[in-house]
There are 2 protein chains.
Amino acid sequence: MSDEAPWLDEAEMATWLALIGVVMRLPGALEVQLRRDADLNHFEYCVLVGLEHAEDDTMRMSDLAFLCNGSLSRLSHVARRLESEGLIERFACPDDGRSTLARLTAAGRERLAKAAPGHVKLVRNLVFDELDDDEMRQMGELAKRVLARIQA
Amino acid sequence: MSDEAPWLDEAEMATWLALIGVVMRLPGALEVQLRRDADLNHFEYCVLVGLEHAEDDTMRMSDLAFLCNGSLSRLSHVARRLESEGLIERFACPDDGRSTLARLTAAGRERLAKAAPGHVKLVRNLVFDELDDDEMRQMGELAKRVLARIQA
DNA sequence: CTAGATTTATTGAAGGTTCAATGAAGCAGG
DNA sequence: CCTGCTTCATTGAACCTTCAATAAATCTAG
């Protein structure tokens, strides 16, 4: 932990305000579309996408929670809702009796299909259409390095 | 709204995952410190900081909500809590009968003083210590442009 | 001038997230 | 083995945010 200069200078403050602005506003912007097109919030969408990209559409709860950048408790509550809607199913892990596996159902895949096209369009519209290829890669690299610190 | 290519290529996806990771995890990381040091969540902290930087420590509710990247309804609920703790006070705007002004109290300033040093340290630790000056400015510029799209 | 539209703010209800507690399953050392 | 420690997951309560409804003040078009 750094232990120096008390506050941020002008350039740092400008950067921080822009970053925190994106952090605070992006989820809400994404959720408008997801709610309208597929009645999902952003975290629910991440869960379904995470499963879709996994082997056999199946993943351990705790791995899924990490992938989706949420707590296990949060995922557990969300999984109950998604399961009650038939979008995922849960079952005991054969290899480790402590673990639960979650799997995307056909209905879950259909729901995802309703959300995804509009979601991608929106992501392009909000982020990628604004950046050229160099800027996009630079943004990714910087975000990746900051993310590594947050996760540590 | 762009209306092209259906999904993100590999580099775009890597960028998106890093960006969304920061977006999802940063608030939680900040709140641990704020809760510990000053029993505030991040939005409450933003409200107090916003007022501290304003003329006469006073700002219209709707301007404050925009500055803090939240809805007016959210601010209204939070303002009730902060006011009941004596950290801010609210009063009618003399110029426009529809508006309410919020002002930071002495107690609010003290509470902020408990939170701020640790908050700045954490922000430096998570973000600015990772970036050199060029990278910091680049990040700020890119975030600013993306934020402009989100706000529009 | 005034009727309707807009801006500003608050409120209650519904829904989602966090936090702490609980418990089951596996692991590690004696 | 069996005791304590760790991992994995769920749960309920408390808390926070969102959404829709409400209402007051201001603006605007005719």
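Here is how names work: the chains are called A, B, and so on, in the same order as the sequence lines, proteins then strands, and each is numbered from 1. Predicted, not measured: the structure shown is a model, and the values here were computed from it.
Considering CG of B/Asp37 and NZ of B/Lys114, their distance stands at 10.0 Å, rounded to 0.5 Å. A/Leu48 CG to A/Arg111 CZ: the interatomic distance, rounded to the nearest 0.5 Å, is 8.5 Å. In this structure, the separation between CG on A/Leu17 and NZ on B/Lys144 is 10.5 Å, given to the nearest 0.5 Å. Here B/Gln138 contributes atom CD and B/Asp132 contributes atom CG; the two are 10.5 Å apart, rounded to the nearest 0.5 Å. Rounding to the nearest 0.5 angstrom, the gap separating the CG atom in A/Asp63 from the OG atom in A/Ser99 is 8.0 Å.
Summary of the strand contacts: A/Asp95 and A/Ser71 both lie near DNA chain C, and taking for each the nucleotide with the nearest heavy atom, the more 5' one is attributed to A/Ser71.
Near-neighbour residues of DNA chain D inside residues 51-59 of chain B, defined by a heavy atom below 4.0 Å, are absent. For DNA chain D, no neighbouring residue in residues 20-48 of chain A is found when judged by any heavy atom under 4.0 Å.
Note on A/Val49: it does not cluster hydrophobically with A/Leu101, by side-chain heavy-atom contacts below 4.5 Å among ILVMFWY residues. Clustering ILVMFWY residues whenever any of their side-chain heavy atoms sit less than 4.5 angstrom apart, transitively, puts A/Leu147 in the very cluster that holds B/Phe128.
Side-chain atoms of A/Val146 and A/Leu19, non-hydrogen and from C-beta on, never get closer than 4.5 Å to each other.
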Original post:
How would nucleotides 5-11 of chain D be written as a contact map, 5' to 3', with B for base contact, S for sugar-phosphate-only contact and - for no contact, using protein heavy atoms under 4.0 Å?
Top reply: --BSBBB
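Checked for salt-bridge contact, A/Asp96 and A/Arg60 miss the test: no charged N lies under 4.0 Å from a carboxylate O. Salt-bridge check for A/Arg81 with A/Glu85: failed, with every basic side-chain N at 4.0 Å or more from each acidic carboxylate O. A salt bridge between A/Arg145 and A/Glu141 is present, with a side-chain N of the basic residue lying under 4.0 Å from a carboxylate O of the acidic one.
For the helix from C/dC1-D/dG30 to C/dG30-D/dC1, the rotation axes defined at the first and last 5 base pairs enclose an angle of 30°, given to the nearest 10°.
Here B/Arg74 does not reach the OP1 or OP2 of D/dC16: none of its side-chain N or O atoms lies under 4.0 Å away.
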Original post:
Under the side chain to side chain contact (heavy atoms under 4.5 Å, CB included) criterion, do A/Val123 and B/Glu12 qualify, and how do the steps go?
Top reply: CA-CA 10 Å; A/Val123 167; B/Glu12 287 169 334; over 6 Å; no
Original post:
For B/Arg35 and B/Asn41, what are the C-alpha separation, side-chain angles and deciding distance, and is it a side chain to side chain contact (heavy atoms under 4.5 Å, CB included)?
Top reply: CA-CA 6 Å; B/Arg35 183 65 66 193; B/Asn41 66 31; 3.7 Å; yes
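Between A/Tyr45 and A/His119, the ring planes lie tilted relative to each other; the angle falls in the 30° to 60° range.
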If you look only at distance, which donor and acceptor atoms sit under 3.5 Å apart when one is on a side chain in residues 64-78 of chain B and the other is two or more places apart or in another chain?
residue: B/Asn69; atom: OD1; partner: A/Arg25; partner atom: NH1; Å: 2.5
residue: B/Ser71; atom: OG; partner: B/Arg74; partner atom: N; Å: 3.0
residue: B/His77; atom: ND1; partner: B/Arg80; partner atom: NH2; Å: 3.0

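You can see that DNA chain C meets the heavy atoms of chain B within a 4.0 Å-exclusive cut from C/dT7 to C/dG12, reading 5' to 3'.
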